[in-house]
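Below is one structure, written out as structure tokens; comments come after it.
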Amino acid sequence: MLHRDTLDRPLRNLRISVTDRCNLRCQYCMPEEDYVWLPREDLLRFEEISNLVDVFGELGVDKLRLTGGEPLLRRDLPRLVRLLAAKPGVRDLAITTNGVLLAEQARALHEAGLHRVTVSLDTLRPERFKALTRRDTHARVLEGIQEVRRLGWKGLKLDSVVVRGTNDDELLDLIEYGKRTGAEVRFIEYMDVGGATLWSMDKVVSRTEILARLEGRYGKIEPVIEESTAPADRFALPDGVIFGIISSTTAPFCLSCDRSRLTADGMWYLCLYAKAGTDLRGPLRRGASRDELASLILPAWQRRADRGAEERLALAKRSPLVQVGDLRKDPHLEMHTRGG
Ligand code: SAM
Ligand code: SF4
Ligand code: SF4
């Protein structure tokens with residue numbers, strides 16, 4: 001049975017962050033060099049994550065996505081994948097990664113039961129990658145993508161955050177790269193989430209503009225009509241190639257949002273923009289039973305009224321959601337802690 005929130009959205013989809021650390025410093029997510037990291041002893045062990053997933057599973061969650069920080073930095077991740085993939089209630093298990101460590105881990109992850117991956121890829125130009133992420137590992141990301149192809153993973157998506165003046169001249173190149181690699185490309189509007197302290201509205205390239213630019217090159221683009229709670233709206237180019245746009249900033253989709261987020265230290269958030277979450281690690285470590293944990297989760301979901309991105313859209317004047325000083329005081333406000 002599906003449990004619904006105040007806006008009739010079912011509890012079904014959980015993003016699990018396995019670490020807040022990252023081996024890149026993307027300017028739109030972690031523009032600082034150093035951060036206040038979660039204490040290591042607070043990170044949920046794999047068995048703890050697995051136990052929480054069982055509780056969520058009993059409440060209807062059957063879609064899981066591993067994320068971070070950079071999830072491939074978490075040691076022995078295939079062991080967690082194996083634990084989760086073995087659960088009969090898990091219908092969909094996927095991962096979002098920056099791809100830097102993917103070439104070396106793709107086989108073990110695949111064998112452990114992971115078949116769907118989204119790789120974040122904002123640029124095809126190594127120098128630009130270096131400027132955007134402050135690391136010189138572009139070639140390794142492309143190798144990771146090729147390795148996933150070679151191993152024949154079922155689902156490969158490439159997510160690109162489009163930032164005006166940074167990579168918005170690469171829309172066509174990214175689509176063409178997606179065609180060559182058999183991956184579905186998804187353009188993400190730059191969001192003013194925690195961590196995005198350099199955000200400003202003039203750097204956002206809207207879905208309307210992305211579509212207009214692609215139509216200028218490819219001709220008529222048709223929307224793909226489908227019943228879905230996925231964040232991306234999908235479109236077809238005249239040659240049938242499908243791509244997506246995640247328009248969280250200019251046309252948010254909160255009314256169909258069934259996602260909640262578990263941080264690496266066991267805080268549960270009902271929205272990417274939520275200021276407060278529910279601590280599940282404390283009760284779990286104090287020995288709470290499954291029913292007790294469920295009694296923390298279910299009423300919180302039933303009270304859920306979050307529409308963070310829509311509320312941001314309604315503001316007359318927008319600036320970054322959280323200032324650097326506040327992020328330092330509470331790393332839970334960071335996008336890289338929430339898992340994006
Ligand atoms: N490190 C992994 C990666 O980059 O794929 C997983 C975590 S990352 C926080 C998840 C997603 O959030 C990435 O696709 C990233 O591009 C996206 N993201 C981060 N900051 C963003 C922002 N300000 N606006 C839009 N998307 C953002
Ligand atoms: Fe970039 Fe992902 Fe790391 Fe954020 S968490 S800095 S988006 S790689
Ligand atoms: Fe869901 Fe919050 Fe994002 Fe809206 S802003 S789509 S409610 S996570």
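Fair warning: this is a prediction, and the values are worked out from it, not measured in the lab. Order of appearance sets the numbers: ligands from 1, and atoms from 1 within every ligand.
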If you count the atoms of ligand 1 from 1 in the order shown, which ones are under 4.0 Å from a heavy atom of [X]?
X: Ala196; answer: 23 (N)
X: Ile188; answer: 25 (C), 26 (N)
X: Thr67; answer: 6 (C), 7 (C)
X: Glu70; answer: 1 (N), 2 (C)
X: Asn98; answer: 2 (C), 3 (C), 5 (O)

Drop me the distance from [X]'s [atom1] to [Y]'s [atom2], to the nearest 0.5 angstrom.
X: Asp279; Y: Met267; atom1: CG; atom2: CE; answer: 5.5 Å
X: Phe129; Y: Leu142; atom1: CZ; atom2: CG; answer: 8.5 Å
X: Asp54; Y: Leu84; atom1: CG; atom2: CG; answer: 9.0 Å
X: Leu156; Y: Leu151; atom1: CG; atom2: CG; answer: 11.5 Å
X: Ile49; Y: Leu66; atom1: CD1; atom2: CG; answer: 8.0 Å
X: Leu280; Y: Leu44; atom1: CG; atom2: CG; answer: 8.5 Å

Under 4.5 Å side-chain linkage, directly or through intermediates, the cluster mates of Tyr35: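 Joined to Tyr35, directly or through intermediates: Met30, Trp37.
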Tell me whether [X] has any N or O atom under 3.5 angstrom from an N or O of ligand 1.
X: Tyr190; value: no
X: Asp159; value: no
X: Gly69; value: yes
X: Pro71; value: no
X: Tyr28; value: yes
X: Arg15; value: no

Under 4.0 angstrom from ligand 1, any heavy atom of Ser160?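 No heavy atom of Ser160 comes that close to ligand 1.
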Side chains of Glu147 and Leu102 in contact at under 4.5 Å (non-hydrogen atoms):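 With C-beta onward as the side chain, the pair stays apart.
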Student check: side-chain heavy atoms of Glu215 and Phe235 closer than 4.5 Å: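 No - every pair of side-chain heavy atoms lies 4.5 Å or more apart.
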Salt bridge Asp239-Lys179, side-chain N to carboxylate O under 4.0 Å: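 Salt bridge present between Asp239 and Lys179.
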Answer yes or no: is there an ion pair linking Glu47 with Arg79, defined by an N-O contact shorter than 4.0 Å?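 The answer is yes: the pair qualifies as a salt bridge.
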Show which atoms of ligand 3 fall inside a sub-4.0 Å distance from at least one heavy-atom site of [X].
X: Ala309; result: 5 (S)
X: Cys254; result: 4 (Fe), 5 (S), 6 (S), 7 (S)
X: Phe253; result: 6 (S)
X: Cys271; result: 2 (Fe), 5 (S), 7 (S), 8 (S)
X: Tyr273; result: 5 (S)
X: Leu272; result: 2 (Fe), 8 (S)
X: Asp306; result: 7 (S)
X: Arg261; result: 8 (S)

Examine the side chains of [X] and [Y] and answer whether a donor and an acceptor come within less than 3.5 Å of each other.
X: Asn98; Y: Glu70; result: yes
X: Thr118; Y: Arg65; result: yes
X: Ser200; Y: Asp202; result: yes
X: Ser50; Y: Lys87; result: yes

Tell me how many protein N, O or S atoms are within a distance shorter than 2.8 Å of atom 3 (Fe) of ligand 2.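 Total protein N/O/S atoms under 2.8 Å from atom 3 (Fe) of ligand 2: 1.
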Pick one of side chain, backbone, both or neither for how Val193 approaches ligand 1, counting any non-hydrogen atom pair under 4.0 Å.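 The answer is the side chain.
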Which is it for Thr96 and ligand 1 at heavy atoms under 4.0 Å: side chain, backbone, both or neither?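 Contact part for Thr96 vs ligand 1: both backbone and side chain.
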Ile95: which of Val18, Val117, Val81 passes side-chain contact (heavy atoms from CB on, under 4.5 Å):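 Testing each of Val18, Val117, Val81 against Ile95, the sole residue satisfying side-chain contact (heavy atoms from CB on, under 4.5 Å) is Val117.
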Measure the distance from atom 1 (Fe) of ligand 3 to every protein heavy atom, then report the residue, atom name and distance (to 0.1 Å) of the closest one.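 Looking only at protein heavy atoms, the one closest to atom 1 (Fe) of ligand 3 is Cys257 SG, 2.3 Å.
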Check the angle between the aromatic planes of Tyr190 and Tyr28 and answer parallel, tilted or perpendicular using the 30° and 60° thresholds.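 The rings of Tyr190 and Tyr28 stand perpendicular, inter-plane angle above 60°.
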Taking all atoms of both residues into account, what is the closest heavy-atom pair of Leu121 and Ser160, and its distance?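 Looking at all heavy atoms of both residues, the closest pair is O-OG, 2.5 Å.
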Tell me which part of Met191 gets within contact of ligand 3: side chain, backbone, both or neither, using heavy atoms under 4.0 Å.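 Under 4.0 Å from ligand 3, Met191 contributes no heavy atoms.
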